[in-house]
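Below, each value reflects all heavy atoms present in this structure, side chains not excepted, and no hydrogens, waters or symmetry copies. Numbering of ligands and ligand atoms starts at 1, following listing order.
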Amino acid sequence: MRTWTLRGTTTSYVVGVPDHGLWAQLVAWGPHPVEIVGTEHFVPRADVEPLEYAVRGVRYTAPVDLVVSGPDGSDELRPVFDEAATGEPRVVLPGTELQLVFRDGVRGARVELHYLVVGDVVERWVSVGNDGADELTLHRHDSAGFVVPVGNTIKYLWGEWNSEFQQASVTLPRGRFTIGSAQGITGHSYSPFLATDGPVAYGVQLAWSGSWEMSADVDTTGLLRIQAGRSSSSLGLRLGVGETWTSPKAVGACSAEGADGLARVFHEYERAISRGRTPHVLYNSWFATEFDIRAEHQLELARRAAGIGVETFVVDDGWFVGRSDDTGGLGDWEVDPAKFPDGLEGFIAQLRDLGLDFGLWIEPESVSPSSRLASEHPEWILRTAGREPVLIRNQLLLDLSRDDVREFIWSTLDRLLTTYDIKYLKWDANRPRLDSGDQRRDLDGLVVSNLYAILDRLRAQHPEVYVEGCAGGGARVDLGMASRVDTLWPSDNTAPLDRLRIQEGFRTGFAPHLMSSWVTDAVGTHDGRERSLDFRFHVAMAGVLGIGADLSRWTDEQLKTATRQIEQYKGFRELIADSKVYGLAAGMQYVGATRSVVFLSQTGDGNVRGTLPTRPRRVPLAGLDPAKNYRVGDDVHAGSYLLQVGVAFDGPADSQCLIVEALD
Ligand code: DGJ
């Protein structure tokens, strides 16, 4: 067998191609080899081997990643290994792409497996080329199959609007577990993320913001394999003669520090694919005013926001003509003069006088049926021929598979960003894509590629604009977006205990710099217990801090607390965005080179504490050097003490933020 070792920072991923050349297989990942012993009966050998990419026609009875048919009606391919396009070096270093090329002589199909290591993450994708004489159809087209050497408890993230990123797990002695989205968008229901627990944890994510599917299969030998890819459509993907189709990336990660360490590997990867802009502390007026936008009132909020240290003021939904509620206006992106009598430029000038940058909300993929855009360009509305388009939240979608629609959205954004001094853009999307349109076209692929093309152009041509991705809360959080926006909005639920739970789930797959979080006045949707303002700040300071409360109702005392917290946050926000995050028994620790920020939170029924004799509560810290000394507030402790005994977390406060500083 020929093997290639992909070297990561602390782990390796070893792939081999047996001499017969019919497949590539996993040899080892992290510390664990993959070994199958014994003889197969009743099935081909390919159905029990740890295949890297399983093609129907090589593998038959076990799950496959690629199914391709031709005009003769058969759906089998038997591509044979031809070359490693990267040449012969058998140790592949980070940053070098490994390409294994297989060719099917009967169909003329070319299957290329691509690998690239970033940190401890293996990026994988495939290209399928049609070098034959007939059109081909791809009926299933995964990005990768990841064989997981150990573990059969699979962790996943599920949710719904206002309740995203809930953690759950399923143990599969044998059999199959599938999640996905049929919404044309990543979706609230599941994140494109599957992971295992255990001393060595493995995880897979898919970088795609359309419809997708991920499955975990434990075969009859007890071996887990995770498949990740774009959803198949009813008529399949057509691949014309001479064309090549390329899948989105699926990434696999491995950590010998368990599930918590796996999150850190993903975070590091997400930092590597992001541009790493330091976030401003923002104020967003959505929760305070919703559609009732009046410049004078917004400025009153802005004055208070500036007073507590906010740096960017964002006007959310409702600033444009025809938008007094959610039934109109989308598509007609003109500033409403009734709401901004001095024009948006006048409003922005007044914000600038307060020392604030300006940010704007937009939902460019959507259109209200009553808008001028809808009447001028009915052909731009996504619909299925002969049927009424499906209305959700009183809005329709533009058909972003069309290049003229892509250009319309781009020119709208470019016009707004060129006309006004906008430093922050919140890009929202408040409905799924349901109308199937013409299934002979790859609607999902075209829409998502056009979306990515606009986001890439936005970044290239307006690099000064910080972009927040949002989709009715957290319905578009995935690695495809993570590499194209600066931060993401995980949920519309900002109530303290609910939010903490959502953020804990978010953290398992997504880094702190991607977690936009606001302090609001919201009471819990699921857990209505109140928490202090400090607690709410600490929850939001664990990511990219924003304020979304009605500041005109805040007391002087609350404003003072806010000022103190925002100042403290500014002192460590770079560390939060660039740290190793550890989960603690009662909170989180963000570990930097010489400093840590620790947030401790009381999530139980606080009113019983202190009413009975009890022992002091201590929370052991993580990620420190046992041999070093650290200052925590006025105290100095050995690292070993902090790691084993921990810091005290008692008294009436429901939350604490501690700075732990290395002394030597
Ligand atoms: C959904 C978003 O998640 C909210 O933050 C807000 O922007 C509304 N849309 C506005 O319609």
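Here Ala168 pairs with Tyr156, Trp158 under the side chain to side chain contact (heavy atoms under 4.5 Å, CB included) rule; sequence neighbours left out. By the side chain to side chain contact (heavy atoms under 4.5 Å, CB included) test, Arg415 pairs with Trp333, Glu334, Thr412, Thr419, sequence neighbours left out.
Ser209 and Asp478 share a donor-acceptor pair across their side chains, judged by distance under 3.5 Å alone.
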Could you pull out every donor-acceptor pair under 3.5 Å between side chains of residues 337-355 and any protein atom, sequence neighbours left out?
residue, atom, partner, partner atom, Å
Lys339, NZ, Gly318, O, 2.6
Lys339, NZ, Arg323, O, 2.7
Arg352, NH1, Asp357, OD1, 2.4

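Using cut-offs of 30° and 60° on the angle between ring planes, the pair Tyr569 and Phe572 is perpendicular.
Within the 3.5 Å criterion, the main-chain N or O of Gly309 finds a donor-acceptor partner in the side chain of Lys570.
Listed as neighbours of ligand 1 are Trp286, Asp316, Asp317, Trp361, Arg393, Lys426, Asp428, Asn430, Cys470, Gly472, Gly473, Trp489, Asp492, each bearing a heavy atom under 4.0 Å from the ligand.
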